[in-house]
Student: 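Here it is, the structure in full.
Chain naming here is simple, since letters A, B, ... match the order of the sequence lines and numbering starts at 1 in each. Computation of the quantities below employed the complete heavy-atom set of this structure, encompassing side-chain atoms and omitting hydrogens, waters and symmetry-equivalent molecules.
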Amino acid sequence: MNLFRLFGDLSHLASIFILLQKIQSTRSCRGISFKTQALYATVFITRYLDLFYEWVSLYNFTMKVFFIASSCYILYLMKYKYRPTHDPSIDTFRVEYLLGPCVVLALLFHYKFSIPELLWSFSIFLEAVAILPQLFMLQRTGEAETITTHYLAALGAYRALYIPNWIYRYFTEDMVDPIAVTAGLVQTALYLDFFYVYFTKVLQGQKFELPA
Amino acid sequence: EETTGAHDEL
């Protein structure tokens, strides 16, 4: 464990609390892509299967349980409790275009041809692109509530912080995970446009609005 | 030793 990873994970935790706060305080999931949230739940469930047969640490165990539980809870909130506030007509990204290629990539790139390792690879690739339905929705509506942009910023910061973590681990532990690093770089790159608007507008106190 | 991904990461 190093500080980059710790702060990355904390940022990830923060993003989930911000999202829950947004849903509870506005009593609405307007502006949140159900598809992205469903993809994240899929990512956590397929990646953290090792909960059942591998012990890493109490930290690791607790975080994994939290991510699975919170992502399922968010799906419940969106699907049942605040269902009327979710508008599927603007959440139109075709997730099969993401799932298909991720299955193929996992079959091509993995560390071991076993069910858990294939699912692990799949989850890594899927996480890299899971934010796309959300960003697509943002692009379509052209604006976002400030609290939603804080959620996205915290999520993006989590991924960005994993990059110095890998550099640090390369030098201190001689450890490289090419699949996670490649997917992580792609994932972080997807946030660049968003970060630009977030830093130049939201953090200057303006509303998140994309130029027409 | 098996080569596997960074399973200690989240």
Student: Run the side chain to side chain donor-acceptor pair (under 3.5 Å) test against A:His150 and tell me which residues pass, sequence neighbours left out.
Tutor: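 Per chain and number, A:His150 pairs via side chain to side chain donor-acceptor pair (under 3.5 Å) with A:Tyr198.
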Student: For A:Tyr168, I'd like to know if atom OH has over 12 heavy atoms of other residues, nucleotides or ligands within 6.0 Å.
Tutor: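 Incorrect, the count does not exceed 12.
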Student: Can you tell which of A:Phe44, A:Tyr48, A:Phe67, A:Tyr158 has the highest number of heavy-atom pairs within less than 4.5 Å of chain B?
Tutor: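 Of the candidates given, the most pairs with chain B belong to A:Tyr48.
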Student: I'd like to know whether OH of A:Tyr53 has more than 12 heavy-atom contacts from other residues, nucleotides or ligands below 6.0 angstrom.
Tutor: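 Above 12, so yes.
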Student: A quick test of your reading: do over 12 heavy atoms of other residues, nucleotides or ligands sit less than 6.0 Å from CG of A:Leu108?
Tutor: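 Yes, enclosed.
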Student: Enumerate by number any residue of residues 3-14 of chain A whose heavy atoms lie under 4.5 Å from heavy atoms of chain B; in the absence of such residues, state 'none'.
Tutor: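 Heavy-atom contacts from residues 3-14 of chain A to chain B are A:Arg5, A:Asp9.
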Student: Taking A:Arg47 first and then B:Glu9, would you say they form a salt bridge - that is, a charged N and a carboxylate O separated by under 4.0 Å?
Tutor: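 A salt bridge is absent here (no side-chain N lies under 4.0 Å from a carboxylate O).
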Student: Using a 4.5 Å cut-off on heavy atoms from C-beta on, say whether the side chain of B:Leu10 contacts that of A:Phe66.
Tutor: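 The answer is no, as the side chains (C-beta and beyond) never meet within the 4.5 Å cut-off.
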Student: Applying a criterion of heavy atom separation less than 4.5 Å, what residues of residues 183-193 of chain A form contacts with chain B?
Tutor: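 Under the 4.5 Å heavy-atom cut-off, nothing qualifies.
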Student: With a 4.5 Å heavy-atom cut-off, do A:Asp177 and B:His7 have their side chains touching?
Tutor: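 No, their side chains stay 4.5 Å or more apart.
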Student: Test side-chain contact (heavy atoms from CB on, under 4.5 Å) on B:Asp8 and A:Glu54; report intermediate values, then the result.
Tutor: CA-CA 10 Å; B:Asp8 57 332; A:Glu54 204 167 280; over 6 Å; no
Student: Just wondering, more than 12 heavy atoms not from A:Gln24 lying within 6.0 Å of its CD?
Tutor: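 Yes, the 6.0 Å shell around CD holds more than 12 heavy atoms from other groups.
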Student: So does A:Tyr59 have more than 12 non-hydrogen atoms from other groups sitting under 6.0 Å from OH?
Tutor: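 Buried by this count: over 12 neighbours within 6.0 Å.
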Student: Among all residues two or more places apart in sequence or in another chain, which pass the side chain to side chain donor-acceptor pair (under 3.5 Å) test with A:Lys64?
Tutor: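 If we apply the side chain to side chain donor-acceptor pair (under 3.5 Å) test to A:Lys64, skipping adjacent residues, the hits are A:Asp50, A:Asn60.
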